[in-house]
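Positions are given from 1, in the same order as the sequence printed here. Because the structure is predicted, anything quoted here is derived from the model rather than measured.
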Amino acid sequence: MLVLVFIAASLLYQVESSAGTKGFESIPQALWWAVVTLTTTGYGDVYPATPLGKAAAGLIMLFGVGMVALPAGMIASGFAEELSRLRQQETAAACCPHCGKTLE
């Protein structure tokens with residue numbers, strides 16, 4: 001993720017600095033945009049102005065969603081499956097192992 005942040009900042013700096021876009025005057029300034037964009041926060045204080053910059057930003061945003069949002073959903077799904085499995089084990093443990101009737 002850190003490598004992608006630096007690549008995104010460098011790419012947008014190259015595209016937008018020649019157009020004089022505010023917030024892309026240097027790579028460290030472009031890092032702010034890259035971090036905010038790739039973490040899907042999107043404050044809107046710095047954004048590309050050129051068509052090429054907007055196209056590059058769109059691709060970078062898709063990478064941000066793929067690197068942050070999609071794995072988070074997969075992890076949450078794994079936790080839900082494990083919780084379901086544990087609940088099934090608890091239910092099975094409360095039954096008689098010989099006849100299967102619920103123990104009270």
Side-chain angles (χ1 to χ4, degrees):
M1 185 73 173
L2 190 61
V3 171
L4 185 57
V5 167
F6 279 99
I7 290 171
S10 300
L11 178 66
L12 262 289
Y13 165 74
Q14 290 296 322
V15 172
E16 293 293 322
S17 65
S18 61
T21 305
K22 186 175 189 261
F24 295 99
E25 292 93 1
S26 67
I27 291 177
Q29 286 181 329
L31 280 171
W32 170 251
W33 173 86
V35 168
V36 169
T37 300
L38 290 172
T39 58
T40 67
T41 305
Y43 291 122
D45 57 342
V46 178
Y47 51 88
T50 65
L52 182 59
K54 289 178 182 181
L59 289 173
I60 292 166
M61 288 175 199
L62 292 175
F63 279 115
V65 170
M67 300 262 320
V68 176
L70 294 178
M74 291 169 36
I75 291 169
S77 175
F79 278 125
E81 288 177 16
E82 182 65 17
L83 182 61
S84 175
R85 189 185 64 78
L86 289 173
R87 285 185 179 158
Q88 287 176 350
Q89 283 180 349
E90 287 176 3
T91 304
C95 296
C96 175
H98 302 289
C99 65
K101 291 185 180 178
T102 303
L103 299 175
E104 297 177 17

First locate atom [atom1] of [X], then atom [atom2] of [Y], and finally report the distance between them rounded to the nearest 0.5 Å.
{"X": "Ile7", "Y": "Phe63", "atom1": "CD1", "atom2": "CZ", "answer": "9.5 Å"}
{"X": "Lys22", "Y": "Tyr47", "atom1": "NZ", "atom2": "OH", "answer": "9.5 Å"}
{"X": "Arg85", "Y": "Glu81", "atom1": "CZ", "atom2": "CD", "answer": "10.5 Å"}
{"X": "Leu86", "Y": "Gln88", "atom1": "CG", "atom2": "CD", "answer": "9.5 Å"}

Legend entry - Residues Met67, Leu4; criterion side-chain contact (heavy atoms from CB on, under 4.5 Å); working and verdict: CA-CA 10 Å; Met67 300 262 320; Leu4 185 57; 4.0 Å; yes
So, [X] side chain and [Y] main chain: donor-acceptor pair closer than 3.5 Å or not?
{"X": "Ser10", "Y": "Phe6", "result": "yes"}
{"X": "Thr39", "Y": "Val35", "result": "yes"}
{"X": "Gln29", "Y": "Ile27", "result": "no"}
{"X": "Ser84", "Y": "Ala80", "result": "no"}

Inset, instruction - Using a 4.5 Å cut-off on heavy atoms from C-beta on, say whether the side chain of Leu12 contacts that of Pro48. - result: yes
Inset, instruction - Indicate, with yes or no, if Leu62 and Leu38 share a hydrophobic cluster defined by side-chain heavy-atom contacts under 4.5 Å among Ile, Leu, Val, Met, Phe, Trp and Tyr. - result: no
Legend entry - Joint cluster assignment, Val3 & Ile60, ILVMFWY side-chain distance < 4.5 Å: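 Val3 and Ile60: separate clusters.
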Inset, instruction - Apply side-chain hydrogen bond (donor to acceptor under 3.5 Å, both in side chains) to the pair Thr50 and Glu16, showing each step before the final yes or no. - result: CA-CA 7 Å; Thr50 65; Glu16 293 293 322; 2.5 Å; yes
Legend entry - Distance-only side-chain donor-acceptor flag, Trp33 / Asp45, under 3.5 Å: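 Side chains of Trp33 and Asp45: no pair found under 3.5 Å.
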If you compare all heavy atoms of [X] against all heavy atoms of [Y], which two are closest, and at what distance to 0.1 Å?
{"X": "Ala34", "Y": "Ala8", "value": "CB-CB, 4.1 Å"}
{"X": "Val36", "Y": "Tyr43", "value": "CG1-N, 3.3 Å"}
{"X": "Ala30", "Y": "Phe24", "value": "CB-CD2, 3.8 Å"}
{"X": "Ser17", "Y": "Gln14", "value": "OG-O, 4.1 Å"}
{"X": "Ala56", "Y": "Leu11", "value": "CB-CD2, 4.1 Å"}

